[in-house]
Enquirer: 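Handing you a structure now.
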Amino acid sequence: MTDDALMRARYRRITRFAARYLVQAWWYELFLPRFGLERVSARGRTRRMQIIARRFHALAIDLGGLMIKVGQFMSSRLDVLPPVITKELEGLQDEVPSVPFAQMRVRAEEELGMPLERAFAMVDERPLAAASLGQAHRAILTDDLAEDTGLREVVVKIQRPGIDRIVDVDLRALRKVGGWLSRVALVRDRVDMPALVEEFAATSLEEIDYLHEASNSERFADDFGGEGGVAVPEVVWERTTRRLLTLQDVTAIKINDVDALRAAGIDPSEVAARFAAVMFDQLFDDGFFHADPHPGNVFVTPLPTTTDADSPAWKFTFIDFGMMGEVPPNLRRGLRRVLIAAASRNGKGLVDGIRDIGVLLPSADTVQLERAMTQLFSRFGGMGFAELQEVDPREFRAFAVEFGDVVRALPFQLPENFLLIVRAMSLTSGMCSALDPAFNIWDAVEPYAQRLIREESGNTVQAFAREAVSVAALTARLPRRLDSLISRVEEGGVSAQVPRVERRLRDLERMIRRVVSSVLFTGLLLGGILLQAEQAFFGTLLMVVSIAPLSHALLAGVIARRNGA
């Protein structure tokens, strides 16, 4: 089969898979409940989800490319998705099939423009890791290059052959699926699916540009390297191209390897708490964050023991900077407000913050949402992941139905750049819950939110000072403006105009009259019909008289518009 035929077959497999299970979801989750068949819909739901997850796992392993990334994202959502799904997909973190080294060698030598034996002193043919878009191999730099860079052991990341075409096909398939979803009113009214897919496409195309990743790595190192126990591998620019990236070998304990952490004397629960704090710093302080912090991209590196009790015993080492996100200042302010409101269990403040972010359109009536958020905090606020698992599922379902009705009635949208923020926080939450089942996100949020509140208080003092100056200036001008206003009143130059209020009152009065006329017409007509059998004259008379209120009910609006009322 030719490459073109293979790509067409790949496209068809993705779209057919999506179409099949979108139709199934519509039937069970939308159509049946609409006709009061919720029990039929709920019956076998767990089994259906397991089958879908298992089949997607097989599809992603077989196809690779962006399908692996979709599965990896879902497998990390321990805090949201049921275990029946995450369990089926968790293998995608490590089960990506490798490409034979002979193919990778050809790819690497094309990029470097020289034989591998000249570029490196040694390259291990066994892959260190196989990712969805590339493959990593350990290597040793040549003596002269090692002397220049100060590095010896490195990792060479080589892109998979033909990955450009695979990404292109996958994005075309995702655009197709996004188009289908945009025709569903429930989705279309809340999410601009085509824009969301394009945002994902832009991120994916950046991810296959290793020069872009190398630049991100250095920027991240400038922002976080050496601070807060965060490390970043150095880039060997002499052996880096758009399709090949050479980095310092920083391999250590994978962040989710609980047994290895404990063997090294590291408490997984402490790792969870510190990891959440590090991600908060990236999102809320600097605004440049790692958007793909899954277990394969974060190591825990033990440090040499020292006599200094305050010195950290380990640090985080981030790798793979192909997917990075930026939070604009205005969005960061909104996120800070959301965090502060969540920490203080303030339902109204949380809704205001969501509106600031741009998730809620300005026209949204949020009274019911604020009430629902307050109830949410009252019942579940402060609970950790383990505590939530102990709550009666029926209580969750009852609240979800009520809360879902409120949410569905509101105009939601996902602002630009928000997809990566959601991804980063989802992966962070899932990672922390996996490290520590008793992890409580509130415990991680509250100290961070307290610091933000102190910072915001300082900003408030400055804002109050500016407002005081403004008020002082207004006060200084007030006597002159009052004097001018009094003169205009005395001269008859000021009048109170309330045309909108008057017009609405007239409309309301007309509507009430028309309703009364309609009721009167109905009463007279029914009375005439009932009387006609025994007293034909009076019955007929009542039916004839009913024409008058009917005429008023039908024609009053037309007459009012013609009169310009």
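Since the model is a prediction, treat every value here as computed from it, not as a measurement. All residue numbers in this chain count up from 1 along the given sequence.
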Enquirer: So which atom in Ile319 and which in Pro233 form the shortest heavy-atom distance, rounded to 0.1 Å?
Expert: CG2-CG, 4.1 Å
Enquirer: Heavy atoms only: give me the nearest Asn216-Gly322 pair and the separation to one decimal.
Expert: ND2-O, 4.4 Å
Enquirer: Answer yes or no on whether Arg219 is positioned over the face of Phe288, meaning its NZ or CZ is under 6.0 Å from the six-membered ring centre and within 45° of the axis.
Expert: yes
Enquirer: Work out which heavy atom in Lys254 is nearest to a heavy atom in Pro295; give both atom names and the distance.
Expert: CE-O, 3.8 Å
Enquirer: Are any of the side-chain heavy atoms of Arg10 and Leu63 separated by less than 4.5 Å?
Expert: yes
Enquirer: Using a distance-only test with no angle check, is there a side-chain donor-acceptor pair under 3.5 angstrom linking Thr301 and Thr317?
Expert: yes
Enquirer: Step through it carefully: locate the ring centre of Phe299, locate the ring centre of Phe316, and say whether they are under 6.0 Å apart.
Expert: no
Enquirer: If you count every heavy atom of other residues, nucleotides or ligands that lies below 6.0 Å from Gln24 atom CD, does the total exceed 12?
Expert: yes
Enquirer: Is there a donor-acceptor pair under 3.5 Å between the side chain of Ser217 and the backbone N or O of Glu213?
Expert: no
Enquirer: Taking Thr240 for its side chain and Val236 for its backbone only, find out whether a donor-acceptor pair lies under 3.5 Å.
Expert: yes
Enquirer: Starting at OG of Ser132, measure out to CD1 of Ile166 and round the result to the nearest 0.5 Å.
Expert: 10.5 Å
Enquirer: Mark yes or no for whether Gln159, through its side chain, and Ile208, through its backbone, hold a donor-acceptor pair below 3.5 Å.
Expert: yes
Enquirer: Between Asn297 (side chain) and Asp292 (backbone), is there a donor-acceptor pair under 3.5 Å?
Expert: yes
Enquirer: Counting only N and O atoms by type, is there a donor-acceptor contact under 3.5 Å from the side chain of Asp249 to the main-chain atoms of Thr251?
Expert: yes
Enquirer: Asp170 side chain to Leu66 main-chain N or O, any donor-acceptor pair under 3.5 Å?
Expert: yes
Enquirer: Within 45 degrees of the axis of the six-membered ring of Tyr28 and under 6.0 Å from its centre: does Arg45 put its NZ or CZ there?
Expert: no
Enquirer: Rounded to the nearest 0.5 Å, what separates atom CG in Leu112 from atom CD in Glu238?
Expert: 12.0 Å
Enquirer: Could you walk me through whether Asp168 and Arg172 satisfy the side chain to side chain contact (heavy atoms under 4.5 Å, CB included) test, starting with their C-alpha distance in whole Å, then the side-chain angles of each, then the deciding distance to 0.1 Å, before giving a yes or no?
Expert: CA-CA 6 Å; Asp168 179 64; Arg172 282 199 293 115; 4.0 Å; yes
Enquirer: Would you say the side chain of Lys157 lies within less than 4.5 Å of the side chain of Gln135, judging by non-hydrogen atoms?
Expert: no
Enquirer: Is any side-chain heavy atom of Thr246 closer than 4.5 Å to one of Phe120?
Expert: yes
Enquirer: How long is the straight-line distance from CG of Leu174 back to OH of Tyr11, given to the nearest 0.5 Å?
Expert: 10.0 Å
Enquirer: Measuring only between side-chain heavy atoms, which start at C-beta, is Val154 closer than 4.5 Å to Leu247?
Expert: no
Enquirer: Would a distance-only check, ignoring hydrogens and angles, find a side-chain to backbone donor-acceptor pair under 3.5 Å from His294 to Met431?
Expert: no
Enquirer: Are the side chains of Glu270 and Phe275 in touch, meaning some heavy atoms are under 4.5 Å apart?
Expert: no
Enquirer: Mark yes or no for whether Arg239, through its side chain, and Ala119, through its backbone, hold a donor-acceptor pair below 3.5 Å.
Expert: yes
Enquirer: When rounded to the nearest 0.5 angstrom, what distance separates CD in Glu207 from CG in Leu205?
Expert: 10.0 Å
Enquirer: If you compare all heavy atoms of Tyr210 against all heavy atoms of Gly134, which two are closest, and at what distance to 0.1 Å?
Expert: OH-CA, 3.8 Å
Enquirer: Show, in sequence, the C-alpha distance, side-chain angles and deciding distance for Leu211 and Thr241, and conclude whether the side chain to side chain contact (heavy atoms under 4.5 Å, CB included) test is met.
Expert: CA-CA 6 Å; Leu211 291 176; Thr241 70; 5.6 Å; no
Enquirer: Given side chains that start at C-beta, do those of Trp314 and Val271 come closer than 4.5 Å, heavy atoms only?
Expert: yes
Enquirer: Phe101 and His137: aromatic ring centres closer than 6.0 Å?
Expert: yes
Enquirer: Is the shortest side-chain heavy-atom distance between Leu435 and Leu261 below 4.5 Å?
Expert: yes
Enquirer: Please report the closest heavy-atom contact between Ile421 and Leu283, naming both atoms and the distance.
Expert: CG2-CD2, 4.1 Å
Enquirer: With a 3.5 Å distance limit and no angle check, can you tell me whether Gln282 reaches the backbone of His290 through a side-chain donor-acceptor pair?
Expert: yes
Enquirer: To check you understand the geometry: which heavy-atom pair defines the closest contact between Gly325 and Ala291, and what is its length?
Expert: N-CB, 4.2 Å
Enquirer: Less than 4.0 Å between a side-chain N and a carboxylate O, is that true for Asp267 and Arg274?
Expert: no
Enquirer: Can you confirm whether Arg55 sits close enough to Tyr21 that some side-chain heavy atom of one is under 4.5 Å from a side-chain heavy atom of the other?
Expert: yes
Enquirer: Quick one: does Arg107's side chain have a donor or acceptor within less than 3.5 Å of a partner on Ile158's backbone?
Expert: no
Enquirer: Check this for me, if you would: do Glu109 and Arg105 make a salt bridge, where the nitrogen-to-carboxylate-oxygen distance has to be below 4.0 angstrom?
Expert: yes
Enquirer: Taking NZ, NE, NH1 and NH2 as the nitrogens, is one of them in Glu110 or Arg243 under 4.0 Å from a carboxylate oxygen of the other?
Expert: no
Enquirer: To the nearest 0.5 Å, what is the distance between CE on Met324 and NE2 on His212?
Expert: 9.0 Å
Enquirer: For a side chain to side chain contact (heavy atoms under 4.5 Å, CB included) check, start with the C-alpha distance between Asp281 and Asp286, then their side-chain angles and the critical distance, and finish with the verdict.
Expert: CA-CA 7 Å; Asp281 284 338; Asp286 187 75; over 6 Å; no
Enquirer: Between atom CG of Leu245 and atom CD of Glu111, what is the distance when rounded to the nearest 0.5 Å?
Expert: 11.5 Å
Enquirer: Please walk me through it: do Arg165 and Leu6 pass side chain to side chain contact (heavy atoms under 4.5 Å, CB included)?
Expert: CA-CA 11 Å; Arg165 292 200 65 191; Leu6 286 171; over 6 Å; no
Enquirer: Do NZ/NE/NH1/NH2 and the carboxylate oxygens of Asp62 and Arg13 come within less than 4.0 Å?
Expert: yes
